[in-house]
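For reference, the structure discussed in these notes is given below.
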Amino acid sequence: MIKLNHITKTFQTPNLEVHACKDVTLDIGDGEIYGIIGFSGAGKSTLVRCINLLERPTGGTVSVDGVELTALPEKELRAVRKKIGMIFQHFNLMRSRTVAQNIAYPLKGSGLSKEEINKKVNELLKLVDLEEKATVYPSQLSGGQKQRVAIARSLANDPKVLLCDEATSALDPQTTKSILRLLKHVNEQLGITIVLITHEMAVIKEICNRVAVMENGEVVEEGNILDVFSSPKQQVTRDFIDSTSTINKIYELIETDDPIIQLEKGESLVILHYTAGNTDKALISDVSRKFNINSNIAFGNIEIIQNTPLGSLVVKLSGEEENIQKTILYLREHNVKVEVLKTC
Amino acid sequence: MLEFLTQLMPNVIDKWPAFVQACIESLQMIAFSGIISAAFGLLFGVILTVTGKGGIMENRIIWTVLDKLVNIFRSIPFIILVALLMDVTRAISGTTIGVKGAIFPLIMGTVPFFSRQIESSLAEVDYGLIEASQSMGDSPLQTILRVYLKESIPGIIRATTITLISLIGLTAMVGVVGGGGIGNFAIQYGYSRHQTDITYVSCIVILIFITLIQSISNVLIQKTTH
């Protein structure tokens with residue numbers, strides 16, 4: 001659906017050149033929810049603006065739905081942009097227009113009659129669940145409601161693609177969830193491809209199928225969200241994943257020698273990293289029975305990503321030294337990454 | 001009643017027809033130069049905004065020329081500007097005195113001021129809205145009309161009010177150099193002949209003008225701010 005081919009974007013300032021995007025190549029499939037994550041300044045906002053050419057890339061080509069946008073003259077580009085919706089961190093609603101007028105904004109000049117426009121606006125209001133707010137001005141809405149209006153506005157021209165630039169970054173966690181649910185609904189019901197820019201891994205985890213991690217203008221890691229989460233290759237990716245997990249608390253606990261992880265003779269403290277496909281097996285009770293050891297789960301962090309459980313457990317194993325070794329081997333055979341933190 | 005008024009402001013009553021005429025002239029000057037200045041000021045304000053750095057129709061040459069012109073005309077004190085423009089005024093209006101002779105210098109004095117006022121109102125439009133408009137496929141002209149102008153209506157009303165009030169000041173000032181209107185009336189009789197009641201009444205008339213404009217403006221701003 002969206003093909004970014006060797007995109008570079010360089011900003012000239014009097015003193016230096018800023019390389020916002022360096023040779024980015026991405027292929028985003030039809031109907032995907034594609035996440036692009038990076039810390040601020042990583043170039044992700046510039047990259048998403050290169051998709052609808054709000055920023056014209058310095059080099060490379062952009063194709064959306066088979067049309068090479070970078071080759072189009074201004075006038076045709078404007079027509080194509082109507083089929084690429086966009087929502088923003090700060091909603092960017094027109095203050096002087098009511099909710100209904102905001103949603104109708106992109107329909108001006110579309111050839112629809114007044115009645116047709118009204119009908120369309122009402123449908124969209126229903127979709128975003130704001131029917132009773134049609135005549136209200138944006139200043140009277142909450143952040144979440146504003147973003148819903150913005151989503152309705154972006155869908156007015158029945159786009160094939162929806163670009164979300166930090167669309168939930170100004171919202172509280174509860175509202176973020178409801179907006180993400182709405183985006184997912186839009187994706188599933190209307191078949192719209194969504195590109196989502198964020199600095200929150202929780203957002204990616206919640207709804208994306210695929211993710212690209214950006215750092216210093218480059219895509220450093222890209223792939224299916226399950227693969228990226230279960231075996232991140234880059235440090236920055238690991239940092240992002242850690243930001244949504246509590247498992248790293250174990251290292252703090254070890255440092256402070258917390259009572260929760262105090263070991264007695266013959267005990268080992270291990271951390272088990274589950275990758276895709278083995279979390280649903282009863283491995284812990286398996287090893288307890290097989291090797292006659294006790295497994296005491298200290299704490300854990302298991303997430304459901306794309307309907308697959310994924311995560312880590314911190315476990316105290318106690319029993320015969322030899323049996324503990326066998327346990328670890330057995331777990332490793334079952335694709336669980338085992339790290340021995342401490343033995344006593 | 002008339003007796004009381006005659007006692008209160010003998011000179012004004014004495015020159016009543018001339019006073020009414022002066023009021024009419026002032027209104028004429030404000031109306032004509034106001035309308036023409038508003039049109040040009042709006043146009044130049046928009047051009048300054050969109051051709052400036054990072055604007056939607058960035059154009060260094062147009063921006064630099066317009067920006068410098070506005071600066072130059074804004075720096076010249078109005079009373080000197082009137083003298084400076086005499087020949088041009090005569091060529092355009094056929095005369096340099098009366099309402100006719102005052103309109104052109106008034107426009108020249110007001111347009112640069114209004115352009116800057118408009119420019120600063122438009123600068124308050126959040127750039128995010130411009131981006132949103134572009135992302136929805138608006139042409140630059142549509143962005144100007146539907147976002148820049150439409151979204152800053154309260155700001156434009158405020159700018160217009162400030163400019164109108166300053167224009168009233170200027171119309172009084174052209175009175176000194178043969179422009180007619182209340183300014184001329186007050187100078188001619190109130191100042192030169194020490195008929196102080198004329199000065200007071202002129203002052204009150206101007207005050208009424210300004211109060212009216214300010215009140216109307218406040219209502220409009222309130223009605224257009226959401």
Side-chain angles (χ1 to χ4, degrees), chain A residues 11 13 45 48-49 51-56 74-99 101-110 135-141 146 149-150 153-157 159 161-166 170, chain B residues 42 45-46 49-60 63-64 118 120-161 217-226:
Chain A
F11 292 104
T13 63
S45 272
V48 79
R49 279 168 177 68
I51 297 178
N52 60 2
L53 297 200
L54 281 184
E55 296 282 1
R56 201 168 263 279
E74 275 297 318
K75 203 171 167 220
E76 284 170 47
L77 174 63
R78 289 202 284 270
V80 174
R81 274 187 186 150
K82 289 188 196 289
K83 294 285 174 193
I84 305 175
M86 188 166 190
I87 57 174
F88 305 85
Q89 179 173 6
H90 299 296
F91 327 120
N92 296 348
L93 298 176
M94 313 282 174
R95 293 176 51 168
S96 72
R97 292 170 166 93
T98 63
V99 165
Q101 286 167 339
N102 265 289
I103 298 175
Y105 184 100
L107 291 170
K108 195 181 161 125
S110 62
T135 55
V136 156
Y137 285 93
S139 57
Q140 292 154 269
L141 299 178
K146 283 183 193 167
V149 176
R153 178 178 71 174
S154 73
L155 298 175
N157 274 313
V161 173
L162 177 59
L163 308 176
C164 310
D165 180 27
E166 299 271 13
Chain B
L42 207 58
V46 168
T49 306
V50 298
T51 58
K53 200 166 157 44
I56 56 170
M57 296 169 84
E58 190 170 340
N59 186 316
R60 254 205 116 62
W63 184 83
T64 311
I118 292 294
S120 74
S121 317
L122 299 191
E124 274 168 38
V125 174
D126 180 1
Y127 193 75
L129 295 186
I130 308 304
E131 254 192 338
S133 145
Q134 289 177 322
S135 80
M136 290 186 275
D138 278 349
S139 68
L141 186 65
Q142 283 173 316
T143 303
I144 290 170
L145 295 175
R146 302 183 70 197
V147 183
Y148 269 127
L149 293 179
K150 166 91 178 155
E151 290 300 314
S152 51
I153 285 176
I156 291 174
I157 295 172
R158 210 168 282 130
T160 310
T161 312
S217 149
N218 287 349
V219 172
L220 288 178
I221 289 173
Q222 210 189 1
K223 277 205 156 38
T224 51
T225 308
H226 300 290

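Letters go in sequence order (proteins before strands), and every chain restarts at 1. From a predicted model like this one, the values you see are computed outputs, not experimental measurements.
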| said: More than 12 heavy atoms of other residues, nucleotides or ligands under 6.0 Å from CZ of A:R95: yes or no? | reply: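 It does not: A:R95 CZ has 12 such atoms or fewer within range.
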| field | Minimum side-chain heavy-atom gap A:K108-B:R146 below 4.5 Å | value | yes
| query | Is there side-chain contact between B:E151 and A:R97, with at least one heavy-atom pair below 4.5 Å? | reply |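 In contact.
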Of all the heavy-atom pairs spanning [X] and [Y], show the shortest one and how long it is.
X	Y	answer
A:N52	B:S135	ND2-CB, 3.8 Å
B:P140	A:R78	CD-NH1, 3.7 Å
A:R81	B:Q134	CD-O, 3.2 Å
B:M136	A:K82	O-CG, 3.4 Å

Measuring from [X]:[atom1] to [Y]:[atom2], what's the distance to the nearest 0.5 Å?
X	Y	atom1	atom2	answer
A:F91	B:D126	CZ	CG	11.5 Å
A:L54	B:I130	CG	CD1	11.5 Å
A:R49	B:E131	CZ	CD	4.0 Å

| message | Counting only non-hydrogen atoms closer than 4.5 Å, does A:L77 touch chain B with its backbone (N, CA, C, O), its side chain (CB onward), both, or neither? | response |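 No part of A:L77 comes within 4.5 Å of chain B.
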| Contact leader toward chain B among A:P159, A:A150, A:P106, where contacts are heavy-atom pairs under 4.5 Å |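 Sorted descending by pairs with chain B, the first entry is A:P106.
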| query | Sub-3.5 Å donor-acceptor pair from the side chain of A:N92 to the main-chain atoms of B:G128, do we have one? | reply | yes
